[in-house]
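Presented below is the structure to which this report refers.
Every chain is numbered from 1, with letters handed out A, B, ... down the list of sequences.
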2 protein chains.
Amino acid sequence: MNMITKEGLIGQLREKGLKLTPQRLAIVDALVENRHLHPGARLIYAEAAKRTKTVSLSTVYATLGEFAQQGLIKFLEFDRMDNRYEGNLEEHINLVCRRCGKIIDYHIPTSIEPKDIARELGFVVTDARMEYYGYCRDCLAQPKEVMAGEQTRDQDG
Amino acid sequence: MNMITKEGLIGQLREKGLKLTPQRLAIVDALVENRHLHPGARLIYAEAAKRTKTVSLSTVYATLGEFAQQGLIKFLEFDRMDNRYEGNLEEHINLVCRRCGKIIDYHIPTSIEPKDIARELGFVVTDARMEYYGYCRDCLAQPKEVMAGEQTRDQDG
DNA sequence: TCCTAATCTGGAATGATTCCGAAATGAATA
DNA sequence: TATTCATTTCGGAATCATTCCAGATTAGGA
Ligand SMILES: [Mn+2]
Ligand SMILES: [Mn+2]
Ligand SMILES: [Zn+2]
Ligand SMILES: [Zn+2]
């Protein structure tokens, strides 16, 4: 398991010499408490705003970008969705529901060997990304008429 | 192997009752001839424009979207890149070079079982997407100074 | 040849994300 | 504690790929 925690993130910010501003602390909290949601910038913004006097969306974008660049979290893009941030650094597959947008972690039992790829193609893998799209249990339980309808992929709004 | 071909695509357009317009034929050509590039809308637009008197970018977007929706090609999104279109319907991993943006197909030797996921989580997989990011052989051959520089992720421009 | 639903088009709209210069502020230092 | 300044924040403007739209065109069946 390699899930982000408040202490872990704050520790890393200190190590990397990044300042502990109220905005960053609020974003850290929002990130940790919503990590299972694979939150997007807007959700983090809304949650962070509850935790500190002032935060701007610009700051949230910049901060999440900084965190991702530093490797504290991962930056994710999905088909036809806003970008999301990943707090589970473990290698796993993200199961994305085409209907409700829910993203579920699925830990891979056996992983594919990047070494084979390096040998065969000379391509050095630094980062993997695996997604399965489909329908989650909850959505499958819905009546069919509803299934045919529009998809809900937003986290807020 | 399940790679798009001109004949295959035109056949499917006929089957599905879609009209064979000069724009679509040009787009089909552009798509097939650049399938190994995982082309984006702009590249297809540029290539299609060479092959017919009139095409608009709007039409290219609409057509590629239509093709993707009909399952003739796949619609792909990548981290920090414009959307691309996939002409290789075989299940495979896309190896994306972080530096030059090149995308290489890597056919999976053993695939992960969606059945296990259905049993364990009740999540029904309809579509898989697997990407490995890293550096391609060509980019690895470059001197280090250049490697540190900016990334080229566009296909044109 | 006619007819019409399908298709095409250019320009405007969208909207998430990025950019920017100025103001604010952690936190290191004296 | 005061000083200092690189870092960080912020609002608003800019970006830009993609989508939308309403009117014009057209493929292809009758
Ligand atoms: Mn995940
Ligand atoms: Mn591919
Ligand atoms: Zn669902
Ligand atoms: Zn490369």
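Nearest-nucleotide mapping onto DNA chain D: of B:L20 and A:Y45, the residue sitting toward the 5' end is A:Y45.
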Salt bridge (charged side-chain N to carboxylate O under 4.0 Å, His left out) between A:E86 and A:R84, worked out | CA-CA 7 Å; A:E86 168 79 75; A:R84 303 294 190 82; over 6 Å; no

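Residue A:Y61 places at least one side-chain N or O under 4.0 Å from the OP1 or OP2 atom of C:dT17. In terms of phosphate contacts, A:N83 brings no side-chain nitrogen or oxygen within less than 4.0 Å of OP1 or OP2 of C:dA16.
For the helix from C:dT1-D:dA30 to C:dA30-D:dT1, the end axes, each set by the C1' atoms of five terminal pairs, are bent relative to each other by 30° (nearest 10°).
A donor-acceptor pair under 3.5 Å links the side-chain atoms of A:E90 to the main chain of A:N2, judged by distance alone. Within the 3.5 Å criterion, the main-chain N or O of A:I4 finds a donor-acceptor partner in the side chain of A:R35. The closest donor-acceptor contact from the side chain of B:E77 to the backbone of A:R80 lies under 3.5 Å.
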Distances under 3.5 Å between nitrogen or oxygen atoms of protein and nucleotides 5-9 of chain C:
unit_1: C:dA6; atom_1: O4'; unit_2: B:K19; atom_2: NZ; d: 3.4
unit_1: C:dT7; atom_1: OP1; unit_2: B:K19; atom_2: N; d: 3.4
unit_1: C:dT7; atom_1: OP1; unit_2: B:R24; atom_2: NH1; d: 2.6
unit_1: C:dT7; atom_1: OP1; unit_2: B:R24; atom_2: NH2; d: 3.1
unit_1: C:dT7; atom_1: O5'; unit_2: B:R24; atom_2: NH2; d: 3.3
unit_1: C:dC8; atom_1: OP1; unit_2: B:T21; atom_2: OG1; d: 2.5
unit_1: C:dC8; atom_1: O3'; unit_2: B:Q23; atom_2: NE2; d: 3.0
unit_1: C:dT9; atom_1: OP1; unit_2: B:Q23; atom_2: NE2; d: 3.3
unit_1: C:dT9; atom_1: OP1; unit_2: B:T54; atom_2: O; d: 3.1
unit_1: C:dT9; atom_1: OP1; unit_2: B:T54; atom_2: OG1; d: 3.0
unit_1: C:dT9; atom_1: OP1; unit_2: B:V55; atom_2: N; d: 3.4
unit_1: C:dT9; atom_1: OP2; unit_2: B:S56; atom_2: N; d: 3.0
unit_1: C:dT9; atom_1: OP2; unit_2: B:S56; atom_2: OG; d: 3.4
unit_1: C:dT9; atom_1: OP2; unit_2: B:T59; atom_2: OG1; d: 2.6

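Applying the salt bridge (Lys or Arg N to Asp or Glu O under 4.0 Å) test to B:R24 and every residue at least two apart in sequence or in another chain returns nothing.
The CG-P distance, from A:L13 to C:dA27, rounds to 10 Å in whole Å. The interatomic distance linking A:F78 (CZ) with C:dA16 (P) rounds to 17 Å, in whole Å. Counting to the nearest Å, the P atom of C:dT18 and the CE atom of B:M81 are 15 Å from each other.
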Let me have the donor-acceptor pairs involving side chains of residues 60-73 of chain B, under 3.5 Å, with sequence neighbours excluded, atom names and distances please.
unit_1: B:T63; atom_1: OG1; unit_2: B:T59; atom_2: O; d: 2.7
unit_1: B:E66; atom_1: OE2; unit_2: B:Q70; atom_2: NE2; d: 3.0

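A salt bridge does not link A:R42 to A:D82: none of the charged side-chain nitrogens sits closer than 4.0 Å to a carboxylate oxygen.
Minimum interatomic distance between A:T52 and A:P22 (heavy atoms only, all atoms of both residues): OG1-CB, 3.7 Å.
Applying the salt bridge (Lys or Arg N to Asp or Glu O under 4.0 Å) test to every pair with at least one member in residues 10-21 of chain A, sequence neighbours left out, gives no pairs at all.
No close placement of the B:Y135 and A:F123 rings is indicated, their centers lying 6.0 Å or farther apart.
Where DNA chain D meets chain B (any atom under 4.0 Å from a heavy atom), the bounding nucleotides read 5' to 3' are D:dA17 to D:dG28.
Classified by interplanar angle (parallel below 30°, tilted 30° to 60°, perpendicular above 60°), the ring pair A:Y133/A:F78 is perpendicular.
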